[in-house]
Structure formats: structure tokens, C-alpha cells
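Report on the following structure.
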Amino acid sequence: MSGDAELPAPFHLIGYRTIGSTNDEAKRLARIGAPHGVVVSATRQTSGRGRRGRRWESPPGNLYASLLLRPHCRAAAAAQLGFAAAVAIAEAATKLAPGVELRCKWPNDVLAGGKKVAGVLLESEMTGAGDVPAFVVIGCGVNLAVPPTFTPYPATSLAQEGAPIVAPSLLLAAFVRQFGERYRIWQEQGFGPIREAWLARAVGLGQEVEVRLERDTLRGCFIDLDEDGALLLGGAAGRRRIAAGDVFPVAA
Ligand code: BT5
């Protein structure tokens with residue numbers, strides 16, 4: 001475990017070589033009172049997680065980091081921060097890999113050259129009091145050097161898309177700077193600016209998409225994002241609001 005002074009305040013790095021999951025460690029630290037701004041990173045994870053308990057392949061060479069935040073917001077509004085993280089990853093990666101086209105895929109994926117290069121896992125816990133989360137943990141996995149072996153949605157790494165090899169610590173510093181700036185604007189102005197930045201990079205917007213839910217698959221036009229980041233899907237039966245799922249393009 002090691003510390004690093006390079007992150008802008010209030011962010012503070014706790015780095016590990018090997019850990020189960022940086023999200024689990026950030027949550028453990030949050031429960032024993034760690035402050036807003038702690039960032040847990042690891043060279044590799046042995047139990048990296050995606051959403052719904054899915055596995056996140058985490059070999060050395062890529063970025064694995066989790067931000068611990070203590071925002072004063074409605075629980076539902078915390079989901080907005082996942083979009084801020086995806087935008088900040090895309091912005092940071094664009095600076096370090098200028099030739100690669102970075103886009104956002106609902107809800108919080110980042111694509112490089114049309115393939116998944118980064119994912120975000122947002123988890124929060126409530127206190128007993130009111131609708132304000134006790135803390136929010138935002139876990140980010142970014143494939144810098146090593147793409148995963150097999151995935152249902154095509155995946156890649158920045159290096160595979162032609163970028164030079166970027167050190168995880170370099171991307172982490174750039175990401176945290178971008179995220180810190182987005183977070184400050186979010187506190188002052190709400191979701192609007194993040195939503196605009198995310199929509200400007202969104203794949204599938206205005207197009208026919210397939211949305212896979214836990215027990216169902218829907219098809220429709222990806223119309224918009226709502227105030228809490230839910231996907232608005234238009235179809236013959238009207239407009240439907242989707243809070244969680246996976247989006248796939250529909251072959252023309
Ligand atoms: C995500 O889940 O995309 C969120 C991933 C978050 C990972 C970070 S790493 C740091 C922090 N600590 C953790 O334990 N997690 C966070 P989801 O949308 O459910 O995507 C998971 C799916 O992506 C898997 O089922 C695979 O199909 C695919 N996948 C697995 N590893 C991948 C990788 N390295 N790159 C791209 N896709 C991957």
C-alpha cells in the first residue's frame with residue numbers, strides 16, 4: 001500500500017499492488033469514517049466487479065480506481081455522478097490518447113473505436129436518516145494496455161486502438177482532475193452540464209437500440225437521458241423510462 005501527493009485536493013490516493021476490488025476497499029474505508037476524496041487504486045484486482053455481480057478482468061497495466069464521495073444529494077441524484085465519471089474518463093483519455101475517438105455508452109461505459117474501453121461501477125449506502133446517501137463509491141476500470149479476453153460486447157484497450165502505452169498513474173491523475181472539475185460544477189449547477197457533455201459523446205442517441213434488462217429485452221429509439229440519468233426509450237407503445245440495463249446497437 002502506498003500514498004501519493006499528486007492528486008488535487010480534496011483527493012487523496014491510497015494505492016495497493018493487489019487487492020480484491022478497489023470498490024470493496026473504498027466501501028470498507030467509508031464505513032469506518034474515511035473522508036470525502038479518498039481514492040483507492042490497485043495495480044491488479046483479484047475480484048474486480050462490474051454491475052450485477054459481473055466479473056471485471058483486472059490484469060496489471062490497466063487502471064483500477066475507486067473514488068469515495070460524500071455528496072449532499074438525493075439518493076437518486078447520486079447516479080448522475082456515474083455520468084460525470086464516464087465523461088471525465090473520456091476527457092482524460094482524449095488528452096493522453098488524442099488520436100483515439102472516445103464515446104459514451106449508456107449508462108456509464110466509455111468506448112474507444114466503438115469498443116468498450118472503460119466501465120464505471122457506482123455503489124452507494126444510505127444512513128438511517130432521510131434520503132441522503134452516507135457515501136457514494138465510484139469505481140473506474142480503464143483498459144490502457146490489456147483488453148479483456150472474451151466479452152459479449154466488443155472490448156478493447158487504448159493501446160489496441162493505436163495510443164501509446166499510458167501509465168495508470170498518469171491517467172488516474174488526469175481523470176481525477178477532470179472529475180474534480182465536473183463535481184464542482186455539479187454542486188453549483190446540477191446535472192445539466194454533465195448531461196450535455198455526456199449526450200455530446202453518446203452512441204446510439206436518436207437511433208434504434210436494443211436494451212437488455214434482467215428478464216426482458218426491449219427495442220426502441222434512444223430518445224434522451226432524464227434528470228437522474230435514466231434512458232428514455234421511444235416505441236410504438238409510447239415512451240419508457242429505463243433505470244438499469246445494457247444497450248446494444250441494432251443492426252441496420
Ligand atoms: C462495468 O460493469 O462496466 C463496471 C466495471 C467497473 C470496474 C471497476 S475497476 C475498479 C472498481 N473496482 C471494482 O471491483 N469494479 C470497479 P458492466 O457494465 O456490468 O460490465 C461488465 C462486463 O464487461 C463483463 O460481464 C464483461 O462482459 C465485460 N468486461 C469484463 N472485464 C472487462 C474489461 N476489462 N474491459 C471491458 N469489458 C470487460
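Note that ligands are numbered from 1 as they come in the structure, with each ligand's atoms numbered from 1 the same way. Computed from heavy atoms alone, side chains included, the values below leave out hydrogens, waters and symmetry copies.
- The shortest contact between atom 35 (N) of ligand 1 and any protein heavy atom is with Asn143 ND2, 2.7 Å.
- The main-chain N or O of Gly48 is never found under 3.5 Å from a side-chain atom of Arg55 such that the two would form a donor-acceptor pair.
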Evaluate the criterion side chain to side chain contact (heavy atoms under 4.5 Å, CB included) for residue pair Leu171 and Leu96; output intermediate values, then yes/no. CA-CA 7 Å; Leu171 183 70; Leu96 295 171; 3.8 Å; yes
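- By the criterion of a heavy-atom distance under 4.0 Å, the side chain of Asp109, and not its backbone, is placed next to ligand 1.
- Geometrically, ligand 1 and Tyr64 share no nitrogen or oxygen pair separated by less than 3.5 Å.
- Ligand-side atoms of ligand 1 in range of Gly48: 14 (O), range being under 4.0 angstrom from any heavy atom.
- In the model, Trp186 has a side-chain atom that pairs as donor or acceptor with a side-chain atom of Gln80 under 3.5 Å.
- Salt bridge annotation for Arg195-Asp224: present, with a cationic side-chain nitrogen under 4.0 angstrom from a carboxylate oxygen.
- With a 4.0 Å heavy-atom cut-off, ligand 1 is reached by the backbone of Ala65 but not by any atom from C-beta on.
- In this structure, atom 5 (C) of ligand 1 lies nearest to the protein heavy atom Trp56 CE3, 3.4 Å.
- Here the heavy atom of the protein found nearest to atom 10 (C) of ligand 1 is Thr22 OG1, 3.2 Å.
- Short contacts between ligand 1 and Ser66, defined as distances under 4.0 Å to a heavy atom of the residue, involve ligand atoms 11 (C).
- A donor-acceptor pair under 3.5 Å is absent between the side-chain atoms of Thr94 and the main chain of Ala92, judged by distance alone.
- Less than 4.0 angstrom separates some heavy atom of Ala155 from each of these atoms of ligand 1: 36 (C).
- Here the heavy atom of the protein found nearest to atom 27 (O) of ligand 1 is Pro152 CD, 3.2 Å.
- Using a cutoff of 4.0 Å between basic side-chain nitrogens and carboxylate oxygens, Lys27 and Glu125 are not scored as salt-bridged.
- Nearest heavy atom pair, residue Ala230 against residue Ala243, reads CB-CA, 4.3 Å.
- Here Cys140 has backbone heavy atoms under 4.0 Å from ligand 1, and that is the only part of it that gets that close.
- A side-chain donor from one of Thr149 and Glu57 sits under 3.5 Å from a side-chain acceptor of the other.
- Between Arg74 and Asp131, none of the side-chain N atoms (NZ, or NE/NH1/NH2) sits under 4.0 Å from a carboxylate O, so this pair counts as no salt bridge.
- Backbone and side-chain nitrogen or oxygen atoms of Thr151 are examined, and none is located within less than 3.5 angstrom of a nitrogen or oxygen of ligand 1.
- For atom 20 (O) of ligand 1, the nearest protein heavy atom (residue, atom name, distance) is Lys116 NZ, 3.1 Å.
- If you look at Glu57 next to ligand 1, the close heavy atoms, those under 4.0 Å, come from the backbone and the side chain alike.
- Shortest contact from atom 15 (N) of ligand 1 to any protein heavy atom: Arg49 O, 2.8 Å.
- Donor-acceptor pairing under 3.5 Å is recorded for the side chains of Lys95 and Gln178.
- For a threshold of 3.5 Å applied to N or O pairs, the pair formed by Ser47 and ligand 1 contains no separation below that value.
- Salt bridge status for Arg54 with Asp246: present, with a side-chain N to carboxylate O gap under 4.0 Å.
- Which of Arg55, Lys105, Gln45 comes nearest to atom 22 (C) of ligand 1 through a heavy atom is settled by distance: it is Arg55.
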